[in-house]
Amino acid sequence: MKRKLAFIMAAALTVSALLAGCGNNGGTQEAADAEETAEDTADAEEAAEDTASAADDTAADDAQEAETGTEAKEPSAEKVILKCVCDLTPHSEILGAARDALAAEGIELNFVSTTWDATWNDMLIDGEVDFAYFMHVPAMESIEEEMGATLYSMGGIHVEPYTCFSYKYAGKEDLPENAVIAIPNDASNEYRALKVLEAEGYLKLNPDITAANASVNEIEEYLIPIEIVEMDQANIIPSAADFDAYFVNANRALEAGINTSIYLMREGEDSEYANIITVTEANKDNEYIKTLVKILQSDDVKNFITEHYNGAVIPAK
């Protein structure tokens with residue numbers, strides 16, 4: 001607008017000059033034409049200025065919309081915390097190996113306890129934790145029967161071949177007759193120890209023995225003379241020096257710093273006793289739990305297990 005006024009004023013001056021220099025009608029007409037031309041030019045200048053201003057405003061609006069659109073497309077930062085109980089070794093270590101992959105899926109773990117005691121079963125059943133990672137299916141079924149609960153396996157993660165160690169002897173062939181061997185007295189682990197002894201030719205078991213009823217009473221015949229002592233698994237390693245040999249879970253041996261590559265006998269890699277992710281009814285359809293299991297069964301985690309434990313722990317098939 002200011003530019004238009006300037007042009008009009010300039011035009012007025014021009015007209016005045018023309019009038020002063022021309023005293024006839026022709027001069028007057030020329031002055032009028034000049035004024036009209038000046039006004040047209042001013043109008044064109046103002047239109048151009050308005051167009052540029054509108055373009056600037058449009059560009060600013062577009063930039064604002066683009067910025068707002070980008071913000072709207074960013075994913076929301078959802079995160080869920082899953083509470084669990086698990087053995088320190090190897091369970092918490094395996095979960096730790098999956099930490100980055102879990103974080104990428106918005107999952108964070110809260111290790112409520114990594115030191116086993118009998119309250120773990122109560123914590124799982126009562127809903128104080130979202131999942132447990134320390135048992136295999138026979139142990140789960142035993143807990144269900146004992147506590148009148150319904151539990152679910154979400155999938156097997158790893159196997160700890162049940163193993164016989166000795167402080168006194170380097171190999172199975174060194175064991176003397178009537179060797180005293182400690183085995184756990186909980187049915188599922190006792191079953192595993194007895195099955196290893198049977199596979200190694202020490203005894204013959206009742207064909208009807210199961211992981212639920214296993215005990216020395218199910219031994220039909222000793223093929224090589226040995227003495228078996230049943231005891232609480234938690235007490236076996238602290239008193240291991242009192243025996244010629246002893247059976248424990250590989251994770252107990254790892255936690256105690258025992259060299260798991262030196263052993264007398266153990267389960268084969270086809271063991272059916274995979275450690276599982278266990279949940280109650282409340283979490284059997286939990287998508288975050290399902291994602292957790294998928295990650296724990298991934299090639300990356302399997303490679304970690306294979307490379308880290310030298311056969312004492314193996315990926316579940």
Side-chain angles (χ1 to χ4, degrees), residues 87 116-122 124-125 132 134-151 153 156 159-169 172 175-253 255-256 258 263-276 278:
D87 283 315
W116 186 89
D117 62 48
T119 65
W120 278 15
N121 298 333
D122 295 318
L124 176 63
I125 293 169
F134 69 91
M135 65 182 84
H136 44 62
V137 170
M140 181 185 76
E141 293 173 345
S142 177
I143 292 170
E144 287 182 307
E145 183 176 349
E146 177 185 344
M147 303 186 71
T150 300
L151 301 175
S153 168
V159 174
E160 302 162 15
Y162 217 70
T163 307
C164 181
F165 299 98
S166 174
Y167 279 121
K168 300 177 180 179
Y169 305 102
K172 182 187 74 171
L175 281 176
E177 285 191 3
N178 299 309
V180 181
I181 302 176
I183 67 174
N185 60 7
D186 60 287
S188 62
N189 284 322
E190 183 160 2
Y191 175 79
R192 297 174 72 182
L194 291 174
K195 292 295 284 186
V196 172
L197 288 170
E198 182 178 50
E200 295 292 340
Y202 284 90
L203 49 82
K204 182 180 179 181
L205 294 170
N206 178 347
D208 296 327
I209 189 174
T210 67
N213 67 6
S215 75
V216 293
N217 296 327
E218 299 301 317
I219 299 174
E220 288 188 344
E221 180 183 2
Y222 286 94
L223 304 178
I224 298 174
I226 56 173
E227 179 184 347
I228 294 177
V229 177
E230 299 169 297
M231 62 189 301
D232 189 308
Q233 180 168 238
N235 297 326
I236 290 180
I237 291 178
S239 58
D242 297 335
F243 305 102
D244 294 307
Y246 59 96
F247 277 88
V248 292
N249 279 320
N251 68 304
R252 307 292 183 196
E255 289 174 4
I258 295 170
Y263 57 89
L264 305 187
M265 58 192 99
R266 74 179 184 186
E267 287 176 325
E269 294 186 357
D270 58 349
S271 172
E272 60 186 288
Y273 290 91
N275 280 236
I276 58 177
T278 313

Test log, rule side-chain hydrogen bond (donor to acceptor under 3.5 Å, both in side chains), inputs Asn235 and Asp232: CA-CA 6 Å; Asn235 297 326; Asp232 189 308; 4.8 Å; no
Closest non-hydrogen contact found for Ala211 with Pro138 is CB-CB, 4.0 Å
Spell out, as yes or no, whether a donor-acceptor pair under 3.5 Å connects the side chain of Asn213 to the backbone of Thr210. yes
Measure the shortest side-chain to side-chain distance between Tyr222 and Ile228 over non-hydrogen atoms and say whether it is less than 4.5 angstrom. yes
Apply side-chain contact (heavy atoms from CB on, under 4.5 Å) to Val216 and Glu190, showing your working. CA-CA 9 Å; Val216 293; Glu190 183 160 2; 4.0 Å; yes
How close do Pro184 and Ile236 get, heavy atom to heavy atom, and via which atoms? N-CD1, 3.7 Å
Is any side-chain heavy atom of Tyr246 less than 4.5 Å from a side-chain heavy atom of Ser239? no
Give a yes or no on whether Lys168 atom NZ has more than 12 heavy-atom contacts from other residues, nucleotides or ligands under 6.0 Å away. yes
After noting the C-alpha distance and the side-chain angles of Phe134 and Asn121, does the key distance pass the side-chain contact (heavy atoms from CB on, under 4.5 Å) rule? CA-CA 10 Å; Phe134 69 91; Asn121 298 333; 3.5 Å; yes
Take Leu175 and Tyr202, measure what side-chain contact (heavy atoms from CB on, under 4.5 Å) needs, and give me the verdict at the end. CA-CA 11 Å; Leu175 281 176; Tyr202 284 90; 3.7 Å; yes
Which value, rounded to the nearest 0.5 Å, describes the distance between Asn251 atom CG and Asn275 atom CG? 7.0 Å
Is a donor on one side and an acceptor on the other found under 3.5 Å between the side chain of Asp244 and the backbone of Val180? yes
For a side-chain contact (heavy atoms from CB on, under 4.5 Å) with His136, tell me which candidate from Glu160, Arg192, Glu141 qualifies. Arg192
How far apart are the C-alpha atoms of Asn185 and Glu230, what are their side-chain angles, what is the distance that settles it, and do they pass the side-chain hydrogen bond (donor to acceptor under 3.5 Å, both in side chains) test? CA-CA 5 Å; Asn185 60 7; Glu230 299 169 297; over 6 Å; no
Hey, what do you get for CG (Leu205) to CD (Glu198), rounding to the nearest 0.5 Å? 4.0 Å
Looking only at heavy atoms, the pair that brings Ala274 and Gly156 closest together is CB-CA, 4.2 Å
Would you name the heavy atoms of Ala253 and Ile237 that are closest together and state the gap between them? N-CD1, 4.1 Å
Can you measure from CH2 (Trp120) to CD1 (Ile143) and round to the nearest 0.5 angstrom? 11.0 Å
Going from NZ on Lys172 to CD on Glu200, what distance comes out if it is rounded to the nearest 0.5 angstrom? 4.0 Å
Under a 4.5 Å cut-off applied to non-hydrogen side-chain atoms, are Arg266 and Val196 in contact? no
Nearest-0.5 Å distance that lies between atom CG in Leu194 and atom OH in Tyr162: 10.0 Å
What heavy-atom pair brings Met265 and Leu197 nearest, and what distance separates the two atoms? SD-CD2, 4.0 Å
Could you give the distance from CE (Met135) to CG (Leu151), rounded to the nearest 0.5 Å? 6.0 Å
Considering all heavy atoms of both residues, which atom of Leu223 and which atom of Gly201 are nearest to each other, and what is their separation? CB-O, 3.4 Å
Could you please spell out the steps behind the side-chain contact (heavy atoms from CB on, under 4.5 Å) verdict for Glu227 and Asn178? CA-CA 6 Å; Glu227 179 184 347; Asn178 299 309; 5.9 Å; no
Any side-chain heavy-atom pair from Arg252 and Trp116 closer than 4.5 angstrom? yes
Taking the side chain as C-beta and beyond, is there a heavy-atom pair between Asp87 and Asn249 under 4.5 Å? no
